[in-house]
Amino acid sequence: MAEHAVCIPNIGPAERRKRLRGGLALLALTLAIAAWLASIDAGTPWRVLVFVPAWMAALGVFQAQAQTCVALAARGKRNMDGGDEVVTDDALLERIRSQSQQVYMRATIAAAIVTAATFAV
């Protein structure tokens, strides 16, 4: 049986809420842009631009879900709602950075799917 890795949060509840709210707002913007592009029958180059806000939206939502801020992970820090602090444990930092890579991958896949869907409408 496969062992599931334990999540090591690098953001607290307030920071997760910020990322979730931002991600959902960007998702609404992404959907509005996609609908507008479909309504004007925009060409391929314009529809590909949906990737950027879709990726940013997914990044916010997945950071909240994974309890992992990718920017803080890259800097070796965490913010558990009391301000930024350095992660001094190398094993914890490695796990946080691994989670960060998962967030990036999931956001990229989600944005690609949303972008591809703009071509179907």
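These numbers were taken from a predicted model, which means no experiment stands behind them.
Between R78 and E85 there is a salt bridge, with a side-chain nitrogen of the basic residue lying less than 4.0 Å from a carboxylate oxygen of the acidic one. Between E94 and R97 there is no salt bridge, since no side-chain N of the basic residue sits under 4.0 Å from a carboxylate O of the acidic one. Between D81 and R17 there is no salt bridge, since none of the side-chain N atoms of the basic residue sits less than 4.0 Å from a carboxylate O of the acidic one.
Atom CZ in R19 sits 13.0 Å away from atom CG in L26 (nearest 0.5 Å). Atoms CD1 and OG1, from I113 and T108 in turn, are 11.0 Å apart once rounded to the nearest 0.5 Å. In this structure, CZ on R21 lies 12.5 Å from CZ on R16, to the nearest 0.5 angstrom. Taking CG of L72 as the start and CE of M80 as the end, the distance is 10.5 Å to the nearest 0.5 Å. Distance check: L20 CG to L27 CG gives 10.5 Å after rounding to the nearest 0.5 Å.
Side-chain contact between T115 and R47 is absent, with no heavy atoms from C-beta onward closer than 4.5 Å. Residues I109 and M105 are in side-chain contact: their nearest non-hydrogen atoms beyond the backbone lie under 4.5 Å apart. Put simply, the side chain of T68 does not reach to within 4.5 Å of the side chain of I11, judged on heavy atoms. C69 is not listed as a side-chain neighbour of E15, based on a closest heavy-atom distance of 4.5 Å or more. Residues L37 and T118 have side chains not in contact (no heavy-atom distance under 4.5 Å, counting atoms from C-beta outward).
In the hydrophobic clustering of this structure, I40 groups with I33; members are Ile, Leu, Val, Met, Phe, Trp, Tyr whose side-chain heavy atoms approach within less than 4.5 Å, directly or through other members.
Nearest heavy atoms, T30 versus A57: OG1-CB, 4.4 Å.
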(request) Could you please spell out the steps behind the side chain to side chain contact (heavy atoms under 4.5 Å, CB included) verdict for W55 and Y104? (result) CA-CA 9 Å; W55 183 76; Y104 274 127; 3.7 Å; yes
| query | What's the verdict on side chain to side chain contact (heavy atoms under 4.5 Å, CB included) for V70 and Q63, showing C-alpha distance, side-chain angles and the deciding distance? | reply | CA-CA 7 Å; V70 297; Q63 284 181 103; 3.6 Å; yes
Show, in sequence, the C-alpha distance, side-chain angles and deciding distance for L24 and V61, and conclude whether the side chain to side chain contact (heavy atoms under 4.5 Å, CB included) test is met. CA-CA 7 Å; L24 293 175; V61 170; 4.2 Å; yes
**Prompt:** Which is it for L93 and D89 under the side chain to side chain contact (heavy atoms under 4.5 Å, CB included) test, yes or no, and what are the steps along the way?
**Reply:** CA-CA 6 Å; L93 184 56; D89 184 313; over 6 Å; no
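For the residue pair Q65 / R106, a side-chain donor-acceptor distance below 3.5 Å is found, with atom types taken as modelled.
The main-chain N or O of N79 is never found under 3.5 Å from a side-chain atom of D84 such that the two would form a donor-acceptor pair.
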